[in-house]
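Some notes on the structure that comes next.
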Amino acid sequence: AQTIHQWPVAEIKAVGSPLSLGCTIKGKSSPNLYWYWQATGGTLQQLFYSITVGQVESVVQLNLSASRPKDDQFILSTEKLLLSHSGFYLCAWSLGWGGFAETLYFGSGTRLTVL
Amino acid sequence: QEKVQQSPESLIVPEGAMVSLNCSFSDSASQSIWWYQQHPGKGPKALISIFSNGNKKEGRLTVYLNRASLHVSLHIKDSQPSDSAVYLCAVDTEGADRLTFGKGTQLIIQP
């Protein structure tokens with residue numbers, strides 16, 4: 001069975017500090033990977049997606065970057081956090097054959113508070 | 001850009017009632033429409049999707065899609081307290097690089 005693990009579960013960070021969030025998918029080779037962001041009370045927005053190792057497409061610009069260093073790992077990062085980065089960050093995967101018309105399997109998310 | 005509107009914003013119903021949730025989308029080039037369920041502090045979980053005009057039933061869930069009116073609805077039969085969650089409608093649009101989500105409907109089932 002496939003599992004998705006996100007870390008950390010929660011972060012409290014200062015404005016201007018760096019950030020690194022991660023997720024790992026086990027039990028599925030070459031999945032499509034996604035980062036989503038949900039501001040408190042806001043809509044779930046897709047930030048990045050990756051179809052293969054080393055390739056990441058940006059969907060929404062939020063002064064964040066993403067990387068896929070391994071087939072099963074997806075990293076979200078920034079060098080300088082803004083207050084507007086606060087929210088709930090979700091990693092997701094899909095089977096990788098049907099584009100966006102596929103079931104997304106989400107992780108449990110990381111709650112980020114920027115002070 | 002695709003816009004997805006959900007109604008109502010929130011809904012409280014007694015256990016056992018039929019629940020109806022609505023979703024309107026803006027782009028007629030939309031492909032699949034998905035419904036996700038999200039419990040507090042958790043990631044969304046896919047419930048059901050539909051591509052063709054008409055309806056699709058899975059267990060207690062039925063989804064109706066009307067492409068002419070750009071509208072899709074989700075119906076939950078015999079609702080249970082464990083169905084209490086936020087329900088998200090998501091639309092996949094041809095040529096788009098993303099799945100577009102609505103803001104969600106907060107559903108509370110009272111025992």
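Below, chains carry the letters A, B, ... as their sequence lines are ordered, and counting in each starts from 1. Values reported hereafter were calculated over all heavy atoms of this structure, with side chains retained and with hydrogens, waters and symmetry mates removed. Quantities reported herein were computed from a predicted structural model and do not represent experimental measurements.
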Please check if the side chain of A:S86 supplies one atom and the backbone of A:V114 the other of a donor-acceptor pair under 3.5 Å. yes
Contacting moiety of A:V60, where chain B heavy atoms sit under 4.5 Å: side chain
Assign the ring pair B:Y36 / A:F106 to parallel, tilted or perpendicular, where the plane angle (0 to 90°) is split at 30° and 60°. perpendicular
Is it the backbone or the side chain of A:Q45 that comes under 4.5 Å from a heavy atom of chain B, or both, or neither? neither
Answer yes if the side chains of A:S65 and A:S77 hold a donor-acceptor pair under 3.5 Å, and no otherwise. yes
Comparing B:G43, B:P44, B:G104, B:S49 against chain A, the one with the most heavy-atom pairs below 4.5 Å turns out to be B:P44
Contact class of A:L90 relative to chain B, heavy atoms under 4.5 angstrom: side chain
Could you walk me through whether A:Y105 and A:Q2 pass the side-chain contact (heavy atoms from CB on, under 4.5 Å) test, one step at a time? CA-CA 10 Å; A:Y105 299 92; A:Q2 299 87 5; over 6 Å; no
